[in-house]
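To start, the structure itself, in structure tokens.
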Amino acid sequence: MRPRTGISPRTTVTGPLPANAMSAGAGAGAGREAAEELDAADPLREFRDAFVFADPDVIYLDGNSLGRLPSATAGFLGQLVTDGWGSGLVESWETWITWARRLGDRLAHHTLGAAPGEVVLSDSTSVNLYKLAVAALDAAPGRRTVLADIDDFPTNRYILQGLAEQRQLRLETLPSDPDEGLDLDVLRRALDQDVALVVLSLVSYRSGALMDMAAVNDAAVRAGARVLWDLSHAAGVVPLRLGADGAELAVGSTYKYLNGGPGSPAFLYVRKELQQQLRQPVWGWYGQRDQFRMAPAYEPVDGIDRFLVGTPPLLSLAAIEPALDVAGRVPVTRLREKSVQLGAYAVELAEVWLAPLGFRLASPREPARRGAHIALAHPDAARICSGLRAQERVICDFRAPDRLRIGLAPLYTRFTDVWDGLDRLRSFVGGRHHEQLPAAVSRVT
């Protein structure tokens with residue numbers, strides 16, 4: 001059973017972008033027509049047809065939080081429910097039981113630069129991070145220090161705080177610039193012979209700052225420490241080479257740029273040479289050798305499946321299949337090229353239109369130092385974000401204390417989306433409409 005993607009079966013993108021396909025000079029002074037020309041020259045434009053656009057007036061700039069619904073997903077899940085669950089009943093598990101590993105291999109090949117048998121889908125990003133952090137700490141009993149970025153995504157820090165308290169470890173949160181990210185020299189100075197584990201996000205959730213994975217891994221190896229990467233804001237838009245760059249452990253989300261759907265299972269990566277050395281703390285029957293023998297004692301299976309726990313949420317897991325069918329048609333290097341161009345375009349518009357209204361860029365200025373989203377700081381960002389959604393139908397998100405995040409998912413975001421979204425933003429703030437809104441924000445921002 002294969003989902004239909006909504007695009008021509010011949011639409012597979014290979015090779016580099018044409019040198020002039022996304023040329024500069026299409027900024028604020030060039031008018032909307034220049035953005036239309038960039039869209040017309042975009043070799044990825046057909047992939048927009050592979051996604052659902054329920055309201056054409058909505059400008060969606062939040063794919064860094066939840067990716068759009070692929071057109072094929074609803075039909076694929078409907079068929080799975082009707083045929084797999086409805087007709088096949090429990091016999092369908094003969095096929096389903098391998099999906100976590102099979103989809104992990106697809107993700108490893110296309111998105112992560114990993115080998116077969118090094119990636120599996122399971123649980124949430126937070127749970128996977130906990131499992132791998134405990135496994136890494138147990139493998140380094142003589143070391144008592146864990147390093148983390150003080151500005152990393154909160155759940156990562158919370159998990160480490162809990163582990164440090166339970167195990168009487170020293171958790172050192174490294175100072176980092178909220179716009180520029182963690183300086184590699186700060187990390188190098190903190191690495192010593194007592195450090196067991198370093199937990200970092202490759203792309204900062206707040207600013208989009210992008211770290212140098214190979215350089216971090218090299219510094220950690222020299223100190224005898226392991227790095228656990230959170231790839232949630234990188235997977236699907238930043239070319240990853242986990243194998244070549246020396247990564248040992250990683251986790252990440254499938255519902256952001258990978259479009260797997262709200263709460264879709266996360267992925268975890270363990271380098272093959274480490275898999276037999278590490279034992280994760282949550283022992284469940286999906287990680288058990290000879291699973292259906294129902295043995296009385298736990299004995300983890302060889303390989304990546306030992307990091308599984310229980311029965312997966314099959315429908316959520318299955319939704320990743322049609323999403324990967326779309327993403328798999330485009331090399332991540334091509335997505336990266338377009339996201340860099342979209343980001344540069346957004347920054348140029350923001351500097352001309354929005355800086356006079358009190359905004360400033362809160363992300364690295366150099367495109368190579370950013371992921372696929374940018375942050376714009378404004379003292380009234382919370383009310384602006386809320387008003388944009390309600391009154392202007394521009395959906396981005398707010399991150400404390402004062403940031404608007406503009407997510408630029410290259411599979412379906414157009415240059416005209418960037419133009420229109422920021423144009424509505426300048427009109428809304430220029431007209432001081434946000435000042436009429438209550439200061440309170442909703443729970444979901």
request  = Of all the heavy-atom pairs spanning Val119 and Ala108, show the shortest one and how long it is.
outcome  = CG2-CB, 3.6 Å

message = Evaluate Tyr286 against Gln291 for side-chain contact (heavy atoms from CB on, under 4.5 Å), listing each step before the verdict.
response = CA-CA 6 Å; Tyr286 263 66; Gln291 178 183 10; 3.1 Å; yes

key: Qualifying residues under side chain to side chain donor-acceptor pair (under 3.5 Å), relative to Arg426, sequence neighbours excluded   = Asp423

task = Test the Arg48-Phe53 pair against the cation-pi criterion, namely NZ or CZ under 6.0 angstrom from the six-membered ring centroid and within 45° of the ring axis.
result = yes

note = d(Leu129 CG, Ile159 CD1) to nearest 0.5 Å is 5.0 Å

inquiry  = Under the rule for salt bridge (charged side-chain N to carboxylate O under 4.0 Å, His left out), what residues qualify as partners of Asp402, not counting sequence neighbours?
reply    = none

Solution key, residues 211-220 side-chain donor-acceptor pairs under 3.5 Å, sequence neighbours excluded:
{"from": "Asp212", "atom 1": "OD1", "to": "Ala214", "atom 2": "N", "distance (Å)": "3.3"}
{"from": "Asp212", "atom 1": "OD1", "to": "Ala215", "atom 2": "N", "distance (Å)": "3.1"}
{"from": "Asn217", "atom 1": "OD1", "to": "Trp229", "atom 2": "NE1", "distance (Å)": "2.9"}
{"from": "Asn217", "atom 1": "ND2", "to": "Met213", "atom 2": "O", "distance (Å)": "3.4"}
{"from": "Asn217", "atom 1": "ND2", "to": "Asp245", "atom 2": "O", "distance (Å)": "2.8"}
{"from": "Asp218", "atom 1": "OD2", "to": "Arg222", "atom 2": "NE", "distance (Å)": "2.9"}

Steps toward salt bridge (charged side-chain N to carboxylate O under 4.0 Å, His left out) verdict (Glu321, Arg102) = CA-CA 10 Å; Glu321 179 91 86; Arg102 181 178 63 80; 2.6 Å; yes

remark   = Between Ile59 and Gly421, the two heavy atoms sitting closest are CG2-CA, 3.9 Å

ask   = For the ring pair Tyr345 and Trp419, is the centre-to-centre distance below 6.0 Å?
value = no

key: ring pair (Phe, Tyr, Trp, His ring centres under 6.0 Å) between Trp353 and Phe359, intermediate numbers included   = CA-CA 9 Å; Trp353 289 350; Phe359 289 89; over 10 Å; no

key: Flag, side chain of Arg424 to backbone of Val394, donor-acceptor distance under 3.5 Å   = no

remark   = Across all chains, not counting sequence neighbours, the side chain to side chain contact (heavy atoms under 4.5 Å, CB included) partners of Asp185 are Asp183, Arg188, Arg189

task = Could you tell me whether a side-chain N or O of Arg157 sits under 3.5 Å from a main-chain N or O of Asp152, the two making a donor and an acceptor?
result = yes

ask   = How would you list, by chain and number, every residue that makes a ring pair (Phe, Tyr, Trp, His ring centres under 6.0 Å) with Phe428, sequence neighbours excluded?
value = His433

query = Are Glu435 and Arg383 close enough, and set up right, to give a salt bridge (charged side-chain N to carboxylate O under 4.0 Å, His left out), and what steps lead you there?
reply = CA-CA 8 Å; Glu435 296 178 3; Arg383 288 200 293 180; over 6 Å; no

key: Side chains of Ser316 and Ser264, donor plus acceptor under 3.5 Å   = no

note = CG (Leu349) and CD1 (Ile406) are apart, to the nearest 0.5 Å, by 11.0 Å

request  = Establish, from distance only, whether the side-chain atoms of Asp397 and Thr445 form a donor-acceptor pair under 3.5 Å.
outcome  = no

task = Of all the heavy-atom pairs spanning Asn259 and Gly67, show the shortest one and how long it is.
result = OD1-CA, 3.2 Å

inquiry  = Going by ring pair (Phe, Tyr, Trp, His ring centres under 6.0 Å), name the residues that satisfy it together with Tyr412, two or more places apart in sequence or in a different chain.
reply    = Phe51

ask   = Are Asn128 and Thr125 close enough that a side-chain donor and a side-chain acceptor fall under 3.5 Å?
value = no

Counterpart residues, side chain to side chain donor-acceptor pair (under 3.5 Å), relative to Glu172 (two or more places apart) = Arg170

inquiry  = Looking at Arg289 and Pro300, would you say the former's side chain and the latter's main chain have a donor-acceptor pair under 3.5 Å?
reply    = yes

Enumerate, atom names and distances included, each donor-acceptor pair closer than 3.5 Å involving a side-chain atom of residues 132-149, sequence neighbours excluded.
{"from": "Asp138", "atom 1": "OD1", "to": "Arg167", "atom 2": "NH1", "distance (Å)": "2.8"}
{"from": "Asp138", "atom 1": "OD1", "to": "Arg167", "atom 2": "NH2", "distance (Å)": "3.0"}
{"from": "Arg143", "atom 1": "NE", "to": "Gln193", "atom 2": "O", "distance (Å)": "3.4"}
{"from": "Arg143", "atom 1": "NH1", "to": "Gln193", "atom 2": "O", "distance (Å)": "3.4"}
{"from": "Arg143", "atom 1": "NH1", "to": "Val195", "atom 2": "O", "distance (Å)": "2.7"}
{"from": "Arg143", "atom 1": "NH1", "to": "Ala223", "atom 2": "O", "distance (Å)": "2.9"}
{"from": "Arg143", "atom 1": "NH1", "to": "Gly224", "atom 2": "O", "distance (Å)": "3.4"}
{"from": "Arg143", "atom 1": "NH2", "to": "Gln193", "atom 2": "OE1", "distance (Å)": "3.3"}
{"from": "Arg143", "atom 1": "NH2", "to": "Ala223", "atom 2": "O", "distance (Å)": "3.1"}
{"from": "Arg144", "atom 1": "NH2", "to": "Arg167", "atom 2": "O", "distance (Å)": "2.5"}
{"from": "Arg144", "atom 1": "NH2", "to": "Gln168", "atom 2": "O", "distance (Å)": "3.2"}
{"from": "Thr145", "atom 1": "OG1", "to": "Asp194", "atom 2": "OD2", "distance (Å)": "2.5"}
{"from": "Asp149", "atom 1": "OD1", "to": "Asp151", "atom 2": "N", "distance (Å)": "2.9"}
{"from": "Asp149", "atom 1": "OD1", "to": "Ser176", "atom 2": "OG", "distance (Å)": "2.6"}

query = Backbone N or O of Asp325 within a donor-acceptor pair of the Arg329 side chain at under 3.5 Å?
reply = no

query = Donor-acceptor pair, Gln276 side chain versus Gly303 backbone, under 3.5 Å?
reply = yes

request  = Any chance you could lay out the side-chain contact (heavy atoms from CB on, under 4.5 Å) test for Ile320 and Trp99, step after step, and finish with the verdict?
outcome  = CA-CA 10 Å; Ile320 299 170; Trp99 277 23; over 6 Å; no

ask   = Is there a donor-acceptor contact under 3.5 Å linking the side chains of Ser363 and Ser207?
value = no

task = Give, for atom CZ of Phe267 and atom CG of Leu258, the distance between the pair rounded to the nearest 0.5 Å.
result = 7.0 Å

Residue list, side chain to side chain contact (heavy atoms under 4.5 Å, CB included) with Trp283, at least two apart or on another chain = Arg279, Tyr298

task = Please list, chain by chain and in numerical order, all residues satisfying side chain to side chain donor-acceptor pair (under 3.5 Å) with Arg336, sequence neighbours excluded.
result = none

remark   = Between Ala250 and Leu231 the two heavy atoms that sit nearest each other are CB-CD1, 3.8 Å

query = side chain to side chain donor-acceptor pair (under 3.5 Å) with Asp177: which residues, sequence neighbours excluded?
reply = none

ask   = Under the 3.5 angstrom rule, does the side chain of Lys256 hit a backbone N or O of His233 as a donor-acceptor pair?
value = no

query = How long is the span from the CG atom in Leu171 to the CG atom in Leu163, to the nearest 0.5 Å?
reply = 9.5 Å

ask   = How close do Leu422 and Ala346 get, heavy atom to heavy atom, and via which atoms?
value = CD1-O, 3.6 Å

task = Would you list the pairs meeting salt bridge (Lys or Arg N to Asp or Glu O under 4.0 Å) in which at least one residue belongs to residues 108-135, sequence neighbours left out?
result = Asp123-Lys131

key: Taking every non-hydrogen atom, the tightest pair across Leu308 and Ser122   = CD2-CB, 3.5 Å

message = With a 3.5 Å distance limit and no angle check, can you tell me whether Arg206 reaches the backbone of Ala375 through a side-chain donor-acceptor pair?
response = no

ask   = How far apart are the C-alpha atoms of Tyr205 and His373, what are their side-chain angles, what is the distance that settles it, and do they pass the side-chain contact (heavy atoms from CB on, under 4.5 Å) test?
value = CA-CA 9 Å; Tyr205 85 100; His373 70 270; 5.7 Å; no

request  = Tell me, with the steps shown, if Asp42 and Arg414 meet side-chain contact (heavy atoms from CB on, under 4.5 Å).
outcome  = CA-CA 9 Å; Asp42 179 10; Arg414 301 173 301 187; over 6 Å; no

inquiry  = Distance alone, cut at 3.5 Å: any donor-acceptor contact between the side chains of Arg370 and Ser339?
reply    = no

